[in-house]
Trainee: 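Attaching a single structure in structure tokens format; questions to follow.
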Amino acid sequence: RTWRRIPFEDLGILFGVSHTSASNYYYEMVDVFHETLVPRLLYPLSGSEIDAMTPADFKEDLPGARLIFDGTGFKMK
């Protein structure tokens, strides 16, 4: 919504919901992102926290690697 400035009426049509539902969902997600992602930007995970979330097969293939993948840039169908 924010990148393309799509009105909530259009989003409602696109997803088959009312424009009020589209608006409510959007603002709810903004709150969720603010509560969960903003603290991570200010206080990133430590290496041990990242290691604890890394799958074992990934650790075997790439020992010592610490990666966090950002999947937010994928286009929507």
Side-chain angles (χ1 to χ4, degrees):
R1 157 127 167 80
T2 56
W3 292 344
R4 297 187 179 141
R5 306 267 184 222
I6 299 173
F8 290 117
E9 290 79 9
D10 292 355
L11 289 174
I13 293 168
L14 182 65
F15 292 104
V17 297
S18 71
H19 72 277
T20 305
S21 292
S23 173
N24 290 342
Y25 182 76
Y26 172 79
Y27 288 113
E28 183 178 337
M29 289 296 101
V30 168
D31 289 342
V32 168
F33 283 127
H34 180 68
E35 291 170 6
T36 57
L37 294 179
V38 171
R40 288 291 169 224
L41 295 173
L42 299 174
Y43 307 103
L45 295 173
S46 68
S48 59
E49 289 173 308
I50 294 171
D51 284 342
M53 291 187 271
T54 304
D57 56 341
F58 188 86
K59 289 180 188 178
E60 289 174 15
D61 293 340
L62 298 167
R66 290 191 180 117
L67 304 169
I68 298 175
F69 293 98
D70 175 12
T72 60
F74 290 106
K75 286 188 177 182
M76 220 172 60
K77 287 186 178 181

Trainee: For S23 and H19, indicate whether the former's side chain and the latter's backbone hold a donor-acceptor pair under 3.5 Å.
Mentor: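 Side chain of S23 to backbone of H19: no pair is present.
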Trainee: Do L45 and M53 have side-chain heavy atoms sitting under 4.5 Å apart?
Mentor: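 Sidechains of M53 and L45: in contact.
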Trainee: Using a side-chain heavy atom cutoff under 4.5 Å and only I, L, V, M, F, W and Y, what cluster partners does L42 have?
Mentor: V38, Y43
Trainee: Verify the cluster assignment for I13 and I6: are they in a single hydrophobic cluster under the rule of side-chain heavy atoms below 4.5 Å apart?
Mentor: no
Trainee: Which heavy atom of V17 sits nearest to which heavy atom of A22, and what is that distance?
Mentor: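 For V17 versus A22, the nearest heavy atoms are CG2-N, 4.1 Å.
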Trainee: Under the side chain to side chain donor-acceptor pair (under 3.5 Å) test, which residues partner E49, sequence neighbours left out?
Mentor: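 Testing E49 for side chain to side chain donor-acceptor pair (under 3.5 Å), a comparison that skips the adjacent residues, returns S46.
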Trainee: Once side chain to side chain donor-acceptor pair (under 3.5 Å) is applied, what residue pairs with a partner in residues 55-65 remain, sequence neighbours excluded?
Mentor: none
Trainee: Taking the side chain as everything from C-beta on, heavy atoms only, tell me whether F8 gets closer than 4.5 Å to Y27.
Mentor: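 SC-SC contact between F8 and Y27 confirmed.
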Trainee: Drop me the distance from I50's CD1 to T54's OG1, to the nearest 0.5 angstrom.
Mentor: 7.0 Å
Trainee: Just jot down the side chain to side chain donor-acceptor pair (under 3.5 Å) partners of D51, sequence neighbours excluded, or say none.
Mentor: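 Checked D51 against side chain to side chain donor-acceptor pair (under 3.5 Å); matches are R66.
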Trainee: Transitive ILVMFWY cluster of L41 at side-chain heavy atoms under 4.5 Å: who else is in it?
Mentor: none
Trainee: Which residues pass the side chain to side chain donor-acceptor pair (under 3.5 Å) test with T20, sequence neighbours left out?
Mentor: none
